Amino acid sequence: MLLLLACSGSPANAPAANGGDTLVIAYQASPNSMLSMTAQAASDHDLIDNIFLHLLEVEFDCGLNFKPGLATKWAFNEGGDELRMWLRDDVTWSDGQPFTADDVAFTMELTADKLVASPRMPATKAMVPGSMPEVVGPYEILFKFDHAYDRNTMLAHVNEVRPAPKHALVDADRGTLRGHAFGRDPVVNGSWRIDDFSPDERLVLVPSAGAELGLNRVIVKVLPEYATRVMELENGSVDWVQSLQIADADRIRDEHPEIRLVRRGWRSTDYIVWDTTNPMFADPVVRNALSSAIDVDKMIADMLTSKTGEAYGKRAVSSVSPALCGSHNNDITPIPFDTDIAKAKFAEAGWADTNGDGTLDKDGQDFAFTLLTNSGNPRRARAAILIQANLAEVGVKMEISKLESNTFFSTVRKKEFEAALSGWVASDYVDLSGLWHSGEEYAQNYASYNNPEVDALIDAALSESDPDIAAAHWKEVQALVYADQPYTFLFWRDDIIGVHERFDNATVDFVSPLRRLDEWSVQPDKVKYPN
């Protein structure tokens, strides 16, 4: 176990900044990259959002509402296909260089570059090359789009990536940017900077020069095992843990009044992704059969329901969060668990147990595959076992393989799997192109899903300036994808996060579980780590 606390009780190797206290948080996996355009894990973005300033600040209420950030004001032209922004002129990078419009233009250029292979590349698709944005002046930029569409989505696309310093990355090899040293020791412009980053061990944030914050440091401890994370939360070695299991939350509520339990909302979803290029999973009838054989309601009852009967999970039917009230398709009926229907669908697709060994076969091949998932996640470990048992009942043989989290997510990103049990922290706005549009530039289409009708609807939604018409297109996309089942959509989780009660202004919300760390503070009489 990694020990970050010295014998004196103060966090080791992180110099004090300007008074206050220390927030110690526990991560399952090591942060990977602190570069917004290449970061993949949601937990990395939670940190990135505190060390880099945003073009626009956001609030969420059924959708995003935008406020000034690095951009002090903005305006669309009459046709809606140009967006002009005026930037702050008083921001400097941590190496003393000024933040300017060139940094924004360079960042978007990198995001759009296929060599970089950014997961955020789809956000740049409608932007006109050379004007994504065009630098009008040191603190004025102009985004040009090849067509107008819903303005909130256009603002969300512009705000998708945190601006990075051009002078620090201009000479970087774009093909290897994902592993660039900048991702571990970035030049930043936010209230926090990285003081120490030891992969697989810890990351330490301290206030940037001149920043007067309520905390003097934030320490991220990498604790791969869930039981260790919970134990350290309960014994006070860490102050913040996310994705608490329901049984542990019930116990902590009873036994640890010093720990505040916060429900985040429907931001996190678990699913099984099928490799649709694999002949075994290419037929949507087969994928529907697999989904019919999996008892999702039992998962929710067993894993996401408290001892009081309160459910912290609900069936998922798409990758759009139910919190996006106007865009989530509420009319989709979840596939019921029914082994008879599953067997009939397998038979329809030509799979039958011809030799009586209990396993379905077709053309001499058994229906057998390996389900990958990440280690250190007891919820997914339990779900995998239930899925394995469910599928065995209909003659499908499934092995389970667990990989360390960063290795697992890298494997999924490279599409080196048959099936994978994983999850998303869903987007806070609707753009389904990254997950479901065909084409190599859509790096997060891990299922290699290809449906021309879905492609056309996505393109139509992203060409529509009327938000109500766009929402209707998005709902139709969700219905078509659900009918094809490139994922077996499992459930949405109302994520439970434990935070020590001594922290004031500790914001955990739909946008982030570590929201606005610059506002977190501790009353002087409650400070635990004064130095």
Side-chain angles (χ1 to χ4, degrees), residues 30-45 47-49 51-55 70 85 87 93-95 97-135 141-146 156-190 193-194 197 199 406-407 409-416 427 431 433-435 437-446 448:
S30 177
N32 192 9
S33 174
M34 293 293 100
L35 185 57
S36 179
M37 68 197 70
T38 60
Q40 183 175 352
S43 54
D44 287 6
H45 283 283
L47 298 175
I48 288 168
D49 284 351
I51 63 177
F52 289 96
L53 296 177
H54 310 200
L55 275 177
L70 285 169
M85 286 185 159
L87 308 175
W93 295 101
S94 53
D95 62 359
Q97 294 295 311
F99 161 79
T100 71
D102 284 330
D103 296 316
V104 181
F106 176 72
T107 299
M108 298 308 291
E109 177 192 339
L110 287 183
T111 304
D113 192 330
K114 291 184 178 181
L115 283 175
V116 176
S118 171
R120 263 122 241 125
M121 187 193 303
T124 68
K125 183 180 179 182
M127 297 178 189
V128 176
S131 299
M132 50 193 308
E134 173 186 330
V135 175
I141 54 178
L142 178 65
F143 288 90
K144 294 183 180 179
F145 299 83
D146 56 28
H157 283 158
V158 165
N159 203 45
E160 181 77 7
V161 181
R162 308 295 166 249
K166 178 178 180 178
H167 65 275
L169 290 168
V170 68
D171 295 324
D173 177 8
R174 298 188 179 192
T176 59
L177 194 60
R178 191 178 299 274
H180 195 278
F182 181 96
R184 296 180 296 280
D185 186 20
V187 176
V188 302
N189 61 4
R193 63 176 177 84
I194 294 178
F197 189 176
N406 282 329
T407 303
F409 291 118
S410 175
T411 300
V412 172
R413 179 172 56 82
K414 296 174 183 176
K415 303 182 181 180
E416 297 174 350
S427 176
D431 178 355
S433 58
L435 293 183
H437 201 297
S438 63
E440 63 178 13
E441 66 267 38
Y442 299 100
Q444 292 180 315
N445 184 352
Y446 300 142
S448 301

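All residue numbers refer to positions in the sequence shown, counting from 1. Please read these numbers as outputs of a predicted model, since none were measured by experiment. These values consider heavy atoms only, across backbone and side chains, with no hydrogens, waters or symmetry-generated copies.
Between the CG atom in Leu35 and the CG atom in Asp44 there is a gap of 11.0 Å [rounded to 0.5 Å]. Taking OG of Ser448 as the reference point, atom CD of Glu440 lies at 12.0 Å (rounded to 0.5 Å). Distance check: Arg162 CZ to Asn189 CG gives 11.0 Å after rounding to the nearest 0.5 Å. Here Met108 contributes atom CE and Thr124 contributes atom OG1; the two are 6.0 Å apart, rounded to the nearest 0.5 Å.
Shown here are the side-chain contact (heavy atoms from CB on, under 4.5 Å) partners of Ala172, two or more places apart in sequence or in another chain: Leu169, Leu177, His180. Residues passing the side chain to side chain donor-acceptor pair (under 3.5 Å) test with Ser433, sequence neighbours excluded: Asp431. When the salt bridge (charged side-chain N to carboxylate O under 4.0 Å, His left out) test is applied to Lys166, no partner is found at least two apart in sequence or on another chain. Under the side chain to side chain donor-acceptor pair (under 3.5 Å) criterion, Ser410 pairs with no residue at all, not counting sequence neighbours. For Gln444, the side-chain contact (heavy atoms from CB on, under 4.5 Å) partners at least two apart in sequence or on another chain are Pro119, Arg120, Trp424, Leu435, Tyr446. Partners of Asp95 under the side-chain contact (heavy atoms from CB on, under 4.5 Å) rule, at least two apart in sequence or in another chain, are Trp93, Gln97, His167, Val187. The ring-ring contact (aromatic ring centres under 6.0 Å, His included) search around Phe197 returns none, not counting sequence neighbours. Applying the ring-ring contact (aromatic ring centres under 6.0 Å, His included) test to His437 and every residue at least two apart in sequence or in another chain returns Tyr442. A search for side chain to side chain donor-acceptor pair (under 3.5 Å) contacts involving Ser33 returns Thr38, not counting sequence neighbours. Evaluation of the side-chain contact (heavy atoms from CB on, under 4.5 Å) rule for Thr411 yields Leu372, Leu403, Thr407, Glu416 as partners, not counting sequence neighbours.
Using a 4.5 Å heavy-atom cutoff, the side chains of Val161 and Leu110 are not in contact. Between Ser36 and Phe52, every side-chain heavy-atom pair lies at or beyond the 4.5 Å cut-off. For the pair Asn32 and Gln40, the minimum side-chain heavy-atom distance is 4.5 Å or more.
Counting only distance, with no hydrogens or angles, the side chain of His45 and the backbone of Ala39 share a donor-acceptor pair below 3.5 Å.
Across every non-hydrogen atom of Met34 and Pro31, the tightest pair is CE-CB, 3.9 Å.
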Under 3.5 Å, which donor-acceptor pairs link side chains of residues 127-135 to any protein atom two or more places apart or in another chain?
none

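The stretch residues 168-178 participates, sequence neighbours left out, in these salt bridge (charged side-chain N to carboxylate O under 4.0 Å, His left out) pairs: Glu109-Arg174, Asp113-Arg174.
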